[in-house]
Every structure is written in structure tokens, then in C-alpha cells.
Amino acid sequence: MTRVETRWQSWLTGLPIGSPRPPRPVVKPLEMPLLRAWIMPLALIFGTPVIALLIAVSVLHQKGEVSTSLFQVVLLPRPSVWALGVIAGWLSFQAVLLRWLPGRESLGPVTPAGERPAYRLNGMAAWAISHVAVLAAWFAGTFSATSFYRQYGELLVTLNVLALLFCVFLSWKGRYWPTGADTVLTGLWAFDFFQGPELHPRLFGVQLKQLINCRMSMMGWSVTWLVMLLAQYEQTGAASPGMVASTVVLVAYLAKFFWWEDGYFGSIDIIHDRFGYYIAWGVLVWVPAVYCLPAFWMVEHPSTLSAPAAGLVALLGLVSIAVNYAADAQRQRVRATDGQTTIWGRPPELIRAPWVSGDGVSRSSLLLVSGWWGISRHFNYVPELALAFAWTVPSGFTHVLPWFYWVFLLILLTDRARRDEKKCAAKYGDAWVEYCRRVRWRILPWVY
Ligand code: NDP
């Protein structure tokens, strides 16, 4: 058995010197229709950057004028040294917080190959420090929210170039220096690049999905929204009640995300999706471009919501966050206690679903059939859509682009529920059929 021998090998695999080196993945050809193997991945790899950048830039710099910007790629800002500095600074800052802030270690769910990735749980502290740092810089006058807003297009274009290079690196690393045994290659290069080879890649000892998805992207989303509120304040001398309401909902949603970060390590992004273009480029470019559209829009189009209406919107958003959290937490709690808990004051109704991991070991998981998980099989997606509605509605109905994210989320979650159920059906077989028989609806009872 070969071992990790040098410091470089240790950095690349993310494993300590002397530990066994995971074998290079064997290429396992997959029988797939042409559409899934080539056409879809290539269309998305070439199409999504154009869509994300043009829509974001048209909202940021063209007042939403799609007609003058959508087909004029030449109008896109150019990558800049300023943007490179901001990205490098943010990444380093988040890496330092992740690595050195105190926090207990948490083990993620067992992977198909029987491994358990470890994470450091210090997300809440990192969230607090990141927001305080930005606010302190703004109050001290060393940071201009308006110039950040004006240069945001450059930032996105630069991020796009870096994210594509990063995806190439991930493909190379997975092929030659994988971190673990959960590495898959099909030999169909467009598909492999799109899906990515590794499930839990590490670099310099850091879990890349935790650093990039959570700390760089989700944290960046929250801070960017806050900066847009500050930019509106700088430009108009006030923040509109609608902008304040949407910022409260968004920032609370992401605070909840970090409060529940170990729950995210059991979500589909982490346990099912590999780290390639779909996830890595998605969180590095699609999130900062598309997820922030309502905030970009509101900087120069202040919300016309009255203070009481904005209060109601904030209330809708906060209640939806609480329901979404409660649904995710129920599932997590039932599994963590092996069913020795109560759901809405009663013992949980459960199905014990057996499955066999890739290393041949027989295992079992609990499927919760009561509480939120008894209403529908993905009820957590209903409040997810409601809370996104709450932070979008202050941007009004005069333009369609601020709603792009909400429509995208509706399509994403509908497709995600279908993909997830396909995975669960293959993993659990009869137990999943039994769950679907007892809980009939997929997302919204009597509708879907
Ligand atoms: P879920 O939290 O819905 O988890 C799905 C997994 O849970 C399944 O793969 C299965 O995993 C397990 N599971 C399924 N049914 C049951 C059950 N009855 N009891 C116990 N476990 C079950 O997945 P997501 O990753 O989609 O969502 C996580 C959170 O992220 C949600 O709050 C969602 O709203 C949010 N989200 C936000 C998005 C955004 O862009 N804003 C996008 C997607 C999600 P196993 O193999 O372990 O059994």
C-alpha cells in the first residue's frame, strides 16, 4: 500500500503524512443517453456563466435593461486586480476563521464507501466576526458600500474565471490525488467535469465543500446583501423599510444556516452531489450573481412598501425560517437519538430502512413518518420558497429580473425532490416504497 510521503502530497490529498494514500479512481464507463452524457453538461457549462453574468450585470449596471445588455457580452466588465484582491482576501479570511476559531469536530454521515468526513463547527462565530468586521469597516469609513456595488460586476466576472480554473483543478486532483475512496470517473469528460470526481475533497487539511460552499459562498451572500443595504443608505440617505425587511430575513436565514451547519453536512449538496462544476461553480458564481438579485435591484429602486407592510413581510420570512429549521431539525434529531425522542409531543413514527454501503457493510437509517415529514416527503421546501418570497417581494413587481432567483428556486427544488427520491428509492428499496405509500405527497399536499 502506498502512503502519503511528502508535504506536497499531504497538502494535495488533505491527509497527514504517513497515512495510506487512497488509490487513483478506476474509470467506470456508464451507459447514458447522449443527452445526459454530453449535451446537458456542455449546454450548462457554456450557458450558465453567460446567463448568470448577463442577468446580474443588467440588474447592477443597466437598470434591468435586458434588451441592451443580454446579448451584448462585450458590455460585461473585465476581470480586475481589485476583484482578485477582494476574492483572495475573503477566501483567506474565511479559511483562517474556519481553521483557527475554536469549535468542536463533527462527523458527517457515512459515505457510500463507508467513510465519515470530519468538520469543524465554528460557523456561528465566523458568521458574527464576518458581519461585525464589515460593519466596523463601514462605520470607520474605510469601506465604501457604493464603490463595492459599482464594481460588483468586475467581481463576478473575475470569480467566474477563477471558478472555472478551480473546477479544472478539482478534476485533476480527483483523478491523481483523491482524498478518499468516494471518487468516481466515467471517462465521459464533459459529464465528469460537470459532476466532479470527489465527494469530500480536502486541500491543506481543509474540507473544501465546507470552506467554499459554507464559508465563502453562503457567508458572502449574507454580507453582500448587507452591503447592498448600506449602499442604498449611502446613496439615498436612508434605507427603505422594504430593504430593511428583506435584509433582516436574508441575514436571519443565513444565521440559521450557520447555527445548523452540521445539519447541512447531511444535505444533498454534501452527501450526494460531487464537487465539480455543478456545485463548485454554482456556489462560487451562481450564488453571488443570481441569489442577490433582489438586493442589487433595490439599491437604486428603493422598495415602495410601507413600514407596516414591510413588518408583515419580515414576519412571514422569520416564521418560514423557523418552520424550515424545525423540519430539518426534526429529521436530524430523530437520527441522532436513534428515534429516542418526541415529535410534536408524541413518540415518532418511524421506518427502519436497511441499506448496504459500497464497502459491503449492512447498515440502516431511520425514515421519519410523522411531524413535518409526515405531511409530505419534502415539506421543508415549502417554507424555503415562502422565505425567499419574503426577501424578494420588497423589490416589487415592476421588473421580472429580481424574481429570477425565486423562479429558479421553484424549479431547482422540484427537480431536487425528484432526484433525491430516485436516490432514496435505489438506496432503500422496499422501505422507501413503504414511506411513499404512507406519505403520499412529494412537496405540497394536494398539489404535488
Ligand atoms: P433534505 O434535508 O430534504 O434531505 C434529504 C435527505 O434526507 C434524503 O436524501 C435522505 O438522506 C434523508 N431523508 C429523506 N426522507 C427522510 C425521512 N422521512 N426521514 C429522515 N431522513 C429522510 O435535503 P436538501 O439538501 O435538499 O435540503 C436541506 C435544506 O437546504 C432544506 O432546508 C432546504 O430547504 C435547503 N435548500 C436550500 C436551497 C437554496 O438554494 N436556497 C437549495 C436546496 C436546499 P439519507 O440518504 O441520509 O437517508
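Both ligands and their constituent atoms are indexed starting at 1 by order of listing. In this chain, residues are counted from 1 in sequence order. Only heavy atoms go into these numbers, but all of them, side chains included; no hydrogens, no water, no symmetry mates.
Ranking protein heavy atoms by distance to atom 10 (C) of ligand 1, first place goes to Cys424 SG, 3.8 Å. In terms of protein heavy-atom proximity, atom 42 (C) of ligand 1 is closest to Leu412 CD2, 3.6 Å. Ranking the protein heavy atoms by distance from atom 26 (O) of ligand 1 puts Tyr381 OH, 2.4 Å first. Taking atom 9 (O) of ligand 1 as the reference point, the nearest protein heavy-atom neighbour is Asp420 OD1, 2.5 Å. Shortest contact from atom 40 (O) of ligand 1 to any protein heavy atom: Tyr291 OH, 3.0 Å. Closest to atom 1 (P) of ligand 1 among all protein heavy atoms lies Asn380 ND2, 3.8 Å. The protein non-hydrogen atom at the shortest distance from atom 46 (O) of ligand 1 is Lys427 NZ, 2.7 Å. Ranking the protein heavy atoms by distance from atom 45 (P) of ligand 1 puts Tyr428 OH, 3.4 Å first.
Around atom 21 (N) of ligand 1, the closest heavy atom drawn from Arg335, Arg438, Gln332 belongs to Arg335. Compare Asp328, Leu409, Leu387 by their heavy atoms: the one nearest to atom 32 (O) of ligand 1 is in Asp328. Nearest-residue assignment for atom 44 (C) of ligand 1 (options Glu421, Lys256, Glu384, Arg416; heavy-atom criterion): Arg416. By heavy-atom distance, the residue among Arg331, Lys423, Met218 lying nearest atom 13 (N) of ligand 1 is Arg331.
Ring pair Tyr405/Trp221 is perpendicular by interplanar angle, where above 60° counts as perpendicular and below 30° as parallel. Relative ring orientation between Trp90 and Phe93 is described as tilted, the plane-to-plane angle lying within the 30° to 60° band.
Between Asp182 and Glu198 there is no side-chain heavy-atom pair separated by less than 4.5 Å.
Val334 does not count as a contact of ligand 1, since none of its heavy atoms falls under 4.0 Å from the ligand.
Of all atoms in ligand 1, numbered sequentially from 1 with element shown, those under 4.0 Å from a heavy atom of Leu368 are 17 (C), 18 (N), 19 (N), 20 (C). Close approach of ligand 1 to Tyr253 (heavy-atom distance below 4.0 Å) involves ligand atoms 37 (C), 41 (N). In the vicinity of His378, heavy-atom distances shorter than 4.0 Å reach the ligand 1 atoms 3 (O). Atoms of ligand 1 found under 4.0 Å from any heavy atom of Leu413 (numbered from 1 in listed order, with element): 42 (C), 43 (C). Per-residue contacts place Ser267 under 4.0 angstrom from the following atoms of ligand 1 (heavy atoms of the residue considered): 25 (O), 28 (C). Near Tyr435, meaning under 4.0 Å from one of its heavy atoms, ligand 1 places the atoms 18 (N).
Residue contacts with ligand 1, taken as heavy atom pairs separated by less than 4.0 Å, involve Tyr405 solely via side-chain atoms from C-beta onward.
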Using atom types as modelled, flag every donor-acceptor pair under 3.5 Å from a side chain in residues 439-448 to any protein atom, sequence neighbours excluded.
unit_1	atom_1	unit_2	atom_2	d
Arg442	NE	Glu421	OE1	3.4
Arg442	NH1	Tyr448	OH	2.9

Show me the side-chain donor-acceptor pairs of residues 161-171 shorter than 3.5 Å, one per line, residues at least two apart or across chains.
unit_1	atom_1	unit_2	atom_2	d
Ser171	OG	Cys167	O	3.2

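Thr341 and Arg333 share a side-chain donor-acceptor pair at under 3.5 Å. Judged purely by distance below 3.5 Å, without hydrogens or angles, the side chains of His131 and Ser222 pair a donor atom with an acceptor atom. In the model, Tyr264 has no side-chain atom that pairs as donor or acceptor with a side-chain atom of Asp328 under 3.5 Å.
Enclosure of atom CZ in Phe46 is not indicated, since only 12 or fewer non-hydrogen atoms of other residues, nucleotides or ligands lie within 6.0 angstrom. For CH2 of Trp259, the number of neighbouring non-hydrogen atoms (other residues, nucleotides, ligands) closer than 6.0 Å is 12 at most.
Looking at Arg36 and Glu31, no side-chain N of the basic residue comes within less than 4.0 Å of a carboxylate O on the acidic one, giving no salt bridge. With respect to Asp192 and Arg274, no salt bridge is recorded, no charged nitrogen being found less than 4.0 Å from a carboxylate O.
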Show your reasoning for whether salt bridge (charged side-chain N to carboxylate O under 4.0 Å, His left out) applies to Asp420 and Lys427.
-> CA-CA 10 Å; Asp420 186 46; Lys427 182 174 174 184; over 6 Å; no
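Of the N or O atoms in Ile271, none lie within a sub-3.5 Å distance of an N or O in ligand 1. Note: an N/O pair closer than 3.5 Å links Asn324 and ligand 1 by distance alone.
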